[in-house]
Amino acid sequence: MRHTVIPFGPQHPVLPEPIHLQLTIREERVVEALPALGFVHRGLERLVEARDVPQMIQVVERVCGICSMIHAHCFCMGVEALLGIEAPPRAQVLRVLWSELHRVQSHLLWLGLFADCLGFESLFMQFWRIRERILDLGEATTGNRVIVSVNVIGGVRRDPDAAQLAWVAAEIDRIEEELRRLEPAVLDDPTVRRRTVGKGVLSRDQAWELGAVGPTARASGIAEDMRQTNYAAYGRLYFEPVVETDGDSHARLRVRFRETLASLDLVRRAIRILPAGEVRLKLREPPAPRGEIVVRVEQPRGELLYYLKGSGEKRLDRVRIRTPTFANLPALLAMLPGVSLSDVPVVTLSIDPCISCTER
Amino acid sequence: MRALRRFIDRMRAKSPWLLHFDCGSCNGCDIEILACLTPLYDVERFGIVHLGNPLHADLLLTSGTVNPRNRKVLANLYAQMPAPKVVVAVGACGLSGGVFRDAYNVVGGIDRVIPVDVYVPGCPPRPEAIIDGVVLGLQKLAGGGRGGR
């Protein structure tokens with residue numbers, strides 16, 4: 001029996017980013033998938049040699065534009081821990097608020113792209129229409145649409161007033177209502193179900209062995225979410241991870257849809273517990289962290305890990321970033337064999353790949 | 001024959017087909033480019049259709065910096081596009097390297113590899129700015145574009 005090798009990417013209509021998969025096909029079924037990376041590698045970790053700590057925040061935000069807030073949050077938490085300071089309580093809650101808004105917009109973005117890759121274009125338009133309203137909330141409270149750039153060492157840059165927060169809370173309610181109206185179109189639509197149910201199955205044991213993280217692991221029944229470690233203000237928000245057990249593309253779709261609603265709820269509760277006070281510590285001198293630390297936070301795509309090492313200079317010695325898509329790629333390669341060629345885009349997209357994160 | 005050619009030139013600018021290639025950006029520009037297609041900004045009202053095939057494209061929209069690995073892909077995509085064609089570079093890093101300028105694996109702006117017609121600054125630029133850049137590109141396309149007559 002002859003094999004055919006088909007290149008998938010680096011430029012492909014369903015992929016917003018360049019990743020190359022070399023697919024070995026036998027009778028329309030994938031036998032083996034080999035990834036080729038490096039199209040987006042910029043070498044950001046080495047930029048610590050050229051940038052001091054506050055400048056480095058701008059760089060880590062641009063590791064990934066979709067979850068920039070969470071990268072900066074993680075980096076600032078690490079530097080603050082090395083310096084032995086802690087952001088004021090109001091800043092902690094505001095960071096959670098913006099992180100969750102970022103998660104909502106990232107999940108809506110993915111839900112739209114996923115619908116588009118199934119050929120369900122009107123649903124893509126609906127999700128992106130709702131996403132624009134989340135971006136409006138971010139822009140009104142932080143000043144930027146995509147890369148919000150609101151974190152600084154020792155707090156946050158902006159302090160929304162009570163009127164703005166009341167507007168955000170009211171808007172969140174309206175957005176949730178619209179999303180609930182879309183729920184049957186996403187989860188129960190027969191076309192969506194036929195393209196996703198049973199496609200790209202990842203069992204719980206496989207997910208565990210291959211080290212899958214985030215929604216990919218949670219869709220296979222692993223109840224693991226870094227927000228359970230109660231960093232920033234998550235400890236006061238009584239957080240519960242969203243878990244599904246089927247492990248197929250539809251389960252990953254359900255996890256992300258339910259997480260979107262859960263994140264909207266977290267935003268609402270964060271506004272309710274927001275304490276008064278300062279949002280930013282005044283640092284007497286430029287930060288010069290000493291020591292090493294590992295920080296873990298939950299990104300929309302899973303666990304994000306930063307390793308920081310400093311020796312009391314204004315520049316760090318080393319930054320190591322381990323991003324969720326990097327952890328999920330082995331799981332993707334385990335899902336692909338046996339999948340039909342026409343389902344490869346669906347399964348690839350179902351792990352929500354973020355290549356610019358992976359390659360930095 | 002010349003009248004037909006003039007007609008095609010005029011009509012091409014009325015419904016340009018657009019190819020987007022991400023050559024190493026942080027996704028910030030890419031999602032803003034995609035946001036241009038969605039109901040709030042809706043570039044389809046200018047007749048712009050986003051597609052994935054360089055052989056059908058009139059306008060190449062790029063985001064991000066060039067690195068040694070993807071410069072071949074970028075040059076290849078540009079060579080596959082039929083003339084006349086227009087290139088719009090989106091985002092600070094596609095213009096000069098931007099925030100990634102000093103990183104070791106960054107060649108620099110898009111114009112190191114292929115000729116660029118319109119530069120859209122910003123990190124990331126707002127969708128309005130991207131639409132403005134594309135419309136400027138269309139004017140160049142109506143005027144003959146690159147490699148045209």
Side-chain angles (χ1 to χ4, degrees), chain A residues 9-18 20 36-47 49-51 55 58-59 61-68 71 105-106 109 112-113 116 121-122 124-133 135-136 139 144-147 149 354-357 359-360, chain B residues 19-42 44 50-54 57 60 62-74 76-77 80 91-93 97-107 122-129:
Chain A
Q11 189 265 336
H12 190 280
V14 304
L15 297 171
E17 295 177 276
H20 179 84
L37 300 167
F39 293 99
V40 203
H41 180 59
R42 291 149 289 178
L44 297 187
E45 289 176 1
R46 273 281 290 280
L47 267 183
E49 292 168 9
R51 305 271 200 271
Q55 286 173 329
Q58 322 298 329
V59 174
E61 276 170 349
R62 283 157 184 82
V63 168
C64 170
I66 303 177
C67 36
S68 61
H71 275 279
Q105 71 92 6
S106 172
L109 177 141
L113 287 179
D116 189 44
E121 203 169 329
S122 65
F124 164 71
M125 294 293 179
Q126 291 291 341
F127 278 123
W128 280 62
R129 183 179 56 79
I130 298 173
R131 178 175 168 270
E132 284 295 331
R133 297 175 62 180
L135 291 184
D136 284 346
E139 191 179 6
N144 281 317
R145 271 169 58 88
V146 174
I147 296 187
S149 203
C354 176
I355 308 304
S356 77
C357 269
E359 306 189 342
R360 305 176 297 283
Chain B
L19 174 73
H20 166 225
F21 182 60
D22 167 1
C23 34
S25 85
C26 70
N27 277 341
C29 297
D30 305 307
I31 56 179
E32 290 294 60
I33 289 170
L34 277 175
C36 293
L37 302 168
T38 58
L40 190 65
Y41 297 102
D42 194 17
E44 284 201 27
H50 176 252
L51 80 170
N53 190 344
L60 176 63
T62 64
S63 55
T65 59
V66 182
N67 70 25
R69 187 163 160 94
N70 67 28
R71 69 183 297 163
K72 270 176 276 174
V73 183
L74 181 65
N76 199 356
L77 285 175
Q80 286 183 58
C93 50
V99 69
F100 311 133
R101 200 176 51 247
D102 302 327
Y104 63 85
N105 203 32
V106 167
V107 174
C123 190
R126 296 183 58 89
E128 289 93 335

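In what follows, chains are A, B, ... by sequence order, proteins preceding strands, each numbered from 1.
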Inset, instruction - Specify which of A:Arg46, A:Arg129, A:Gln58 makes the most heavy-atom pairs with chain B at under 4.5 Å. - result: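 Among A:Arg46, A:Arg129, A:Gln58, the one with the most close pairs to chain B is A:Arg46.
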Least distance between heavy atoms, [X] atom then [Y] atom:
X        : Y        : value
A:Val146 : B:Gly28  : CG1-CA, 4.0 Å
B:Ile31  : A:Trp128 : O-CZ3, 3.6 Å
A:Gly43  : B:Ala103 : O-CB, 3.9 Å

Nearest 0.5 angstrom please: [X] [atom1] to [Y] [atom2], how far?
X        : Y        : atom1 : atom2 : answer
B:Thr38  : A:Phe127 : OG1   : CZ    : 14.0 Å
A:Arg42  : B:Asn105 : CZ    : CG    : 10.0 Å
A:Ile147 : B:Glu32  : CD1   : CD    : 9.0 Å

Atom group of [X] that falls short of 4.5 Å from chain A, counting heavy atoms:
X        : result
B:Asp102 : both
B:Ser25  : backbone
B:Leu40  : side chain
B:Pro54  : side chain
B:Leu37  : backbone
B:Val99  : both
B:Cys123 : both

Legend entry - Which atoms of A:Arg62 approach chain B - backbone, side chain, both or neither, heavy atom under 4.5 Å: both
Inset, instruction - Take atom CD of A:Gln55 as the centre, draw a 6.0 Å sphere, and report whether it contains more than 12 heavy atoms from other residues, nucleotides or ligands. - result: yes
Inset, instruction - Using the side-chain contact (heavy atoms from CB on, under 4.5 Å) rule, take A:Leu113 and B:Leu34 through it: C-alpha gap first, then chi angles, then the decisive distance, then the call. - result: CA-CA 10 Å; A:Leu113 287 179; B:Leu34 277 175; 3.8 Å; yes
Legend entry - Under-4.0 Å salt bridge between B:Arg126 and A:Glu139: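 Yes, charged N to carboxylate O under 4.0 Å.
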Inset, instruction - Keeping the roles fixed (side chain from B:Asn67, backbone from A:His41), state whether a donor-acceptor pair exists under 3.5 Å. - result: yes
